[in-house]
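Everything below concerns the one structure shown next.
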Amino acid sequence: MTAATTELRAQQDRGRKAAQNREKWSQGRTYISAAVILIWCLAPAYWMVVTAFRDVGFTYDTSILPSHVTLDNFNTAFDTSFGNRFGQALLNSVFIGGVVTLVSLLIGVFAAYALARLNFRFKYLVLGFILGASMFPGVALITPLFQLFTNIGWMGTYQALIIPNISFVLPLTVYTMTSFFREMPWELEESARVDGCTQGQAFRKVIMPLAAPAIFTTAILAFISSWNEFLIASQLSSDATQPVTVAIANFAGAQPNQIPYTAIMAAGTIVTIPLVILVLVFQRKIVAGLTAGAVK
Amino acid sequence: MKTPKFLLPVATAGILALTLSACGGGGGGGGTQAGGGDAAAGLDGRGPITYVQGKDNSNVVRPLVAKWNAAHPNEKVTFKEQTDQADQQHDDIVQHFQAKDAGYDVVDVDVVWTAEFAAKGWLQPLKDKMAIDTSAMLKPTVDSGTYKGTLYAAPQTSDGALLYYRKDLVPTPPKTWDEMMSMCSIAKKNNIGCYAGQFSKYEGLTVNASEAINSAGGSVLDKDGKPSLNTPEAKAGLENLAKAYADGNIPKEGITFQEELSRQAFQSGKLLFLRNWPYVYNLATTEGSSAVKDKLGIAPIPGATGAGASSLGGHNLAVSVYSKNKATALDFLKFMTSEESEKFYATQGSLAPVLGSLYTDKDLVAKLPYLPVLKTSIENAVPRPVTPFYPAVTKAIQENAYSAIKGEKPVDTALSDMQKSIESAGAGS
Amino acid sequence: MATEVGPTPVKAPASGGTPIHHGPKGVGEDNQILSQGKWASWLLAPTIIALGIVIVYPIISAIVMSFQKDAGLDPATGLFTAGGPAGVQNYVNWIAQQCAAPAGGTVACPPGTLGAQFWSATATTFFFTVVTVAFETVLGFWMAMIMARTFKGRSLVRAAVLVPWAIPTAVTAKLWFFIFAFEGIANQLFNTTILWTGSEWPAKWAVIIADVWKTTPFMALLILAGLQMIPAEVYEAAKVDGASAWQRFRMITLPLVKPALMVAILFRTLDALRMFDLPYILTGGANNTTTLSILVINQIRQGFNSAAALSTITFIIIFLVAFIFVRFLGANVVEQSGATGKGKK
């Protein structure tokens, strides 16, 4: 081995080590950033959980660690003896959210395909119309909707809750899907057609898998939007159909004027868990990468 | 160029059709119909009815309704429970009345809503065939259900303000506001706040501000319903609050207090005097975290020369003009305001009764020791402004009282702004 | 490499014209456009109908009512009577901050009426919108970049990021009210005595903090989805070409994530302009935190027709903002960015 080769090897070694160090630093920074994000997102939620486990007589206690721990608040939340229907409300919310998500995805995918792929007059008008639906203050829609649904006898039914939610979520669904469809490699669809698929088959088999991140993201957005909706639900739902947001707002303290913070926090904790599980299960789908190799 | 031209016209046509059909049915909002004709309908109707009330925290209504249903199998009452929030209860009732819903027969209304709902023609006048005996009820409560001389809502439960004080630091409670302020030196010595009520910008502020003004001898509205705030008494009343805040006798955080936060401050020993509703008594004497369990006393709120004029709280029962079974509704009303039911409200729900005799009932006083003091409070109570424009009036009071207390504007300006705002509200036409 | 050259950016012309595919011109093309139009109608029909019923009908209903006067009180009977037509009076009253005078006519709205709050509510709404969207975009982008990387515990971070948004607003608002109470955990933890809900700037920042905490996940999620669509090979190629991290960010990430980013910012802005729940529960609109939606709800209790006029004004304001967005800031969802290649834009 010549001195030059040894020197070269040494240089390569140093370069590799430097790269590894940079990698480590970069990983380290990533972990620190991840920790900061965790703290920022979870700190208030932690406070919610701590309060949920705290005895109602000590609601305003500010010790950071759990104190006066009890499960009473969770019992109170689910207690049905005073007309609270929290359990039922949970099921309602899941049902409504599910239907809203599925239907708005379906409708949204159709609309997005048309807007992203097809050419027609009035396209901008339609886009503007869809966006315009997100511009009116929701608080002012309550009274007309109330009267409309009273007139057609749909007060307190599931459809009275589902249909408005679909309409609220639709503009976002359509726009998100449209912007993603615009970025799709449509040549793939064409190659599939060349290979003998119909347009529908090509769409289903080739494009949809690639659009999976967009679809699952939109699904989560739609579900959580519907989950969070309160104003319309408070006016149009009945005792049997009320979603979780209304049920929580109905929590009352044992005395008039008393606000049951601990019970509300318990309800909030209960409500968050299924969502977290849902996300954990689906999060891999959200980040499925683009299998760009298909075109090569 | 064939393009989806048919789509938009179809959509437009559909929408127009819906608009027209819905307009025919529900009518425009804003409650502009006077339900005069409806008042005469259904007076003899008997049958199942629905009773609407806010959250039944203490499970008082359900047993009563069950009792009624057992005795009246053909005229069953369905209990529809609303949320716990007064604002939402109000909006819910408004929505249903605007839609002329016959499904809300008997409605539980907050004392300040009577004028508004009566003026919109939604409430059945309780006279002639629908008359109800109110002679045994405390007068201020009956007044709260009356609009323009006619009774529209029967008093059901009442509420008045109490002054909670630390009897370990102050053996005898103050009788006047000035006396209370002079006792603030004791608070300073013990390093705690002197006095607090509810001063956050919400309905509670209207309650506290009206109390201050009324206790000083002034009034927000005169008997014709016109604002009368440009009086020295009104000024003195509001000045009391503003000065106390500026001097630190009302702690700085008092401006964020609603009922619960003020209760918390008193319970953790940080206040010498607290103005709040009776519900505090139970919690302050039993809750684990309360530092004042054996140290609290109750008294009527202080006024200018003696007991102050508490704001009247409570709820009344009204019958909807759109109800089809008004005879049943009236009987149910009488049942719910009978002495037995009233006693049940008190023992089961700690809700102050409207029948004067119950305040000296031995069993009740044993359970609710504050009852005698509360009776004084209610007898001297002045309702919050009785006006069909209550939402606008309460906003006007809140905005200006808040600024006055914080010292953002002088009391004179605040009162004159309040006056002008209320005049403007009543002028809308 | 996915594709070397995407189709050239095509502006969909207003009067249907050049189809996307290059094909033989002639009769066949007209048929194609025809069938595209028909296809489009069927695909878009459900959307248009759903939006028409639930949103357009109430809007039209509200606009019709905004040209009516609110009910006035008949002094003789003490009952409310219908107000009658008002023309544009309701609108003028809001914009000029005029209120009814007892002697007839109008007078400048005294403090304490809702009419006196129109312009301050507008300013507050814009302030909240600009600040919250700015914070949420930057924070959301940062979170998305972290979530896109590979590291142990990544799924935990992703789930954690969604927690703020998943908790129902009813609970979040009360939670923050609780945290920001004078004796609450915020003051305890940082050893401060700030009157969070009792003075102007702390109240504004309380609303902003609560809103940013709650809604950043929305931005992060959309941006993450956008980031995921960028093929890794593009970054590899750039690294090979010697681009620094910042250059990669500026020339690859930003342009390629722009469509998703623009949709996120656009919708977030529209939502922020209609902000209602958080300030309402946190401060009740006190201390200059009243937004236009809070003003609408308060007005609904006092007179629905005037509230309808205010909603329509809000609608127009939001429309103008969206218009500026799409026109000048390039939130152009329809245009193909042509950036599936080297992404120079």
Side-chain angles (χ1 to χ4, degrees), chain B residues 1-4 6-8 11 14-15 18-19 22-23 28-34 36 87 90-91 94 118-121 147-148 200-202 252-253 255-256 261 264-265 268 270 388-389 391-392 395-400 402-403 406 409 417-418 420-429, chain C residues 15-16 30 33-34 37-38 40-41 44-45 48-49 52-53 56-57 60-61 64-65 68-73 77-83 99-104 107 109-115 181-183 193 195-199 283-287 298 300-305 308:
Chain B
M1 203 68 78
K2 232 345 172 25
T3 43
F6 69 84
L7 189 64
L8 286 176
I15 294 164
L18 274 169
T19 316
C23 272
T32 57
Q33 298 86 4
D87 277 347
H90 174 271
D91 294 345
V94 166
K120 292 206 170 128
Y147 177 62
K148 291 245 179 241
S200 183
K201 200 196 287 191
Y202 77 122
K252 286 280 165 284
E253 59 267 25
I255 204 73
T256 63
L261 288 178
Q264 178 56 21
S268 49
K270 297 204 175 82
F389 297 104
K395 254 276 164 267
I397 298 177
Q398 286 170 32
E399 292 279 340
N400 288 300
Y402 194 73
S403 308
K406 284 183 79 173
K409 56 163 105 158
D417 284 341
M418 224 187 271
K420 285 193 227 141
S421 301
I422 298 180
E423 281 170 0
S424 175
S429 189
Chain C
S15 58
D30 270 352
I33 296 165
L34 250 164
K38 231 170 50 128
S41 319
L44 285 168
I48 306 238
I49 294 176
I53 299 178
V56 175
Y57 158 68
I60 295 183
S61 161
V64 163
M65 282 194 258
Q68 301 278 324
K69 275 195 257 200
D70 278 317
L73 196 67
T77 59
L79 297 175
F80 278 110
T81 53
C99 290
V107 74
C109 285
T113 52
L114 294 178
F182 186 73
E183 305 270 1
T193 51
L195 274 184
W196 286 103
T197 54
S199 26
T283 58
N287 291 305
N298 285 333
I300 290 180
R301 296 203 183 105
Q302 295 184 22
F304 185 77
N305 298 329

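Everything numeric in this text was worked out from a predicted model, so none of it was measured. Chain identifiers are assigned alphabetically (A, B, ...) following the order of the sequence lines, protein sequences preceding nucleic acid strands; residue numbering begins at 1 within each chain.
Between chain C and the options B:Lys409, B:Lys420, B:Gln398, the largest number of non-hydrogen pairs under 4.5 Å is found for B:Lys420. Chain C forms the most heavy-atom pairs under 4.5 Å with one residue out of B:Ile422, B:Asp87, B:Leu261, and that residue is B:Asp87. Between chain B and the residues C:Gly78, C:Gly284, C:Gly285, the most heavy-atom pairs under 4.5 angstrom are made by C:Gly78.
A donor-acceptor contact closer than 3.5 angstrom links the side chains of C:Asn287 and B:Lys406.
Side-chain contact between B:Lys395 and C:Gln302 is present, with at least one heavy-atom pair separated by less than 4.5 Å.
When all heavy atoms of C:Pro110 and B:Asp417 are compared, the pair lying nearest together is CB-O, 4.1 Å.
When heavy atoms are compared at a cutoff of 4.5 Å, B:Lys148 approaches chain C solely by way of its side chain, counted from C-beta outward. Residue C:Ile300: no heavy atom, backbone or side chain, is found under 4.5 Å from chain B. Using a 4.5 Å cut-off between heavy atoms, B:Ala265 does not touch chain C at all. In this structure, no portion of B:Tyr202 lies under 4.5 Å from any heavy atom of chain C.
Judged purely by atom type and a 3.5 angstrom limit, C:Asp70 uses its side chain to pair as donor or acceptor with the backbone of C:Phe304. A donor-acceptor pair is defined here as one N or O able to donate and one able to accept, closer than 3.5 Å; such a pair exists between the side chain of B:Ser421 and the backbone of C:Pro111.
Residues satisfying the salt bridge (charged side-chain N to carboxylate O under 4.0 Å, His left out) criterion with B:Glu399, sequence neighbours excluded, are B:Lys201.
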